Structure formats: C-alpha cells, structure tokens
Amino acid sequence: MDHTPAVDEAVQLQLELAHLVEPNAPEGFAPKIAAGLDVAYEPGSDRLVAAAVCVDIATLAIVDSAVHEAVADFPYVPGLFGFRELPALLPALDKLSTTPDILVCDGQGLAHPRRFGLACHIGVVTGLPSIGVGKQALGRYEPPGPTRGDWKPLVDNGEIVGRALRTQDDVKPVFVSIGHRIDLDTATGLVLKLSPRYRLPETTRAADHLGREVLAGRVGVQDVRD
DNA sequence: GCGACAG
DNA sequence: ATCTTGTCGC
C-alpha cells in the first residue's frame, strides 16, 4: 500500500485494488490456524495498538500473538478503514512467529460501497485468505432468523456482498463478507466454527482483549514479541 | 440535496 | 473506537 495517501486518492486506490480480490479459496483449502486482527485506540490521543492472535481452528486454543503500537496517521472515514488500520496491523502480523492460514478482520470485506473493505485490503496486500466480520453493517439489511446459523444475504446494488449471520440464538447478527481468496460459504462456516459460545469469533475476542491489555499497560509488549 | 455511515 | 452506571445471568 501507500505511505498515508490523501483521503481523496485513497478512494481511487480502492477502486484499482478491488480488481485484485480473488473470490475463491485456494485448491484444497483446509485452514488450521486463523489469526484474529483488531486495533485498540487510546481515548483523546492518536496512540493505538494493533493486535494479531493466532487460534487453532480445531481447538480454539491461542497458539501465538503479537502487537504493534503506533500513532494513527489517517483519519477515521467510513469506507476507508484499511488506510487507517493496515499501517499498524501489517507490522503486528510480521511479528507473529506463525503464518496464519486465514485472517479474520474486525470490519467489512466485500460488503463495502467499493467492494474493498478492510478485509479485502489486508488480504490483497498480504496475499493471505481473509474474511471480514463486522459488528455493524454499512447499510441496511434483512434480519436473519433467531437461531444460530440463520442468515440472510447482504445485498448492495443488486449484488450479494455478504451475509447477516446469527452466531448465537437471540443475539444480534454479525456481518460476514469475504476478504480475499475465499468464498462466502466457507467464510460463513468458519465464522460459526470460531463462534461456539459468543456473538463474536474467538479470534476477534482474543485480539480485542490483547489490544486493550497492552493499551492499558497491563501487558508488556515484550510479552508478545514487539 | 440530505441523511446514513465498518472501527 | 471509547466513556459511563446499573442490571441480569452463569
């Protein structure tokens, strides 16, 4: 990517990079390790902590983690998340001693006005399969049934860009969309697999928790290889 | 034109 | 995203 592009050029960059998104999983794709990515922000400052936590998909055990502290150099603009979080997320990924099979991002992937949300962005840049799991949709959506596993397609301009997925009975749905090198069905199945008990996947819960602990100073960055 | 708007 | 008080449930 670039070194802090201007807001207006960021939009153009997304339109170009969107062509690089691959909507299918690699041959014989059988992910074993999923990495949860999240960024924690310090109130009233530009300081932030990006966290990456690797989880064994079969057991949900945490097998590796890393963080990267930085200063936000791009403003929060809905639709331009990648430019704000990638600069911090990429270094965190590099610090992992494990290469995850798939990245689970906190935000949208294809379910984005220009079909290039954070998950697509980090997927294309790293070349790794990725999926986006947002807590909130960018636009309107049809509520899925009340049971875990129920879902409704997310439609934007006549295109199916993702799914509103119920990960637990009677809890608000999450918004799943592909990021890169994966398909919607596989992404949906993986999100359910990673969310056996809570609304959000264990991957994003773990990354969110680690980021907050480091921000608060309760966990030293050296404890997770900084 | 106006409102809505991932984290 | 983060702040903030209380409440419900395991």
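All figures in this text were calculated on a predicted structure; none of them were measured in a lab. Lettering follows sequence order; numbering is per chain, from 1.
Note: A/H68 NE2 to A/L93 CG = 11.5 Å, rounded to the nearest 0.5 Å.
If you take NE2 of A/H121 and P of B/dG7, they are 18 Å apart, rounded to a whole angstrom. Rounding to whole angstrom units, CZ of residue A/F81 and C1' of B/dG7 are separated by 3 Å. Atom-to-atom, CG of A/L118 to C1' of C/dA1 comes out at 14 Å; the value is rounded to the nearest Å. As a whole-Å value, the separation of A/L37 CG from B/dA6 C1' is 15 Å. Rounding to whole angstrom units, NE2 of residue A/H112 and P of B/dG7 are separated by 13 Å.
Residue contacts shown for A/L215 are absent, as no nucleic acid heavy atom lies under 4.0 Å away. Residue contacts shown for A/A137 are limited to sugar-phosphate atoms, with no base heavy atom under 4.0 Å away. Looking at heavy-atom distances under 4.0 Å, A/Q108 makes contact with a base. If you check every strand for non-hydrogen atoms under 4.0 Å, A/R197 touches nothing. The residue A/G117 sits close to a base: some heavy atom pair falls under 4.0 Å.
Taking a pair as Watson-Crick or G-U wobble with both distances under 3.5 Å, DNA chain B contains no run of three or more consecutive pairs.
Looking at the side chain of A/P78, the nearest of the listed nucleotides B/dA6, C/dT2, B/dG7 is B/dA6.
Within residues 42-54 of chain A, no residue approaches DNA chain B, by heavy-atom distance under 4.0 Å.
Ring geometry for A/F175 versus A/Y141: interplanar angle over 60°, hence perpendicular rather than tilted (30 to 60°).
Checking side-chain atoms of A/D38 against main-chain N and O of A/T204 turns up no donor-acceptor pair under 3.5 Å.
With centres under 5.5 Å and a plane angle under 30°, the ring of A/Y76 is stacked against the base of B/dG7.
For A/R199 and A/Q168, the side-chain atoms include no donor-acceptor pair closer than 3.5 Å. Judged purely by distance below 3.5 Å, without hydrogens or angles, the side chains of A/T188 and A/R163 pair a donor atom with an acceptor atom.
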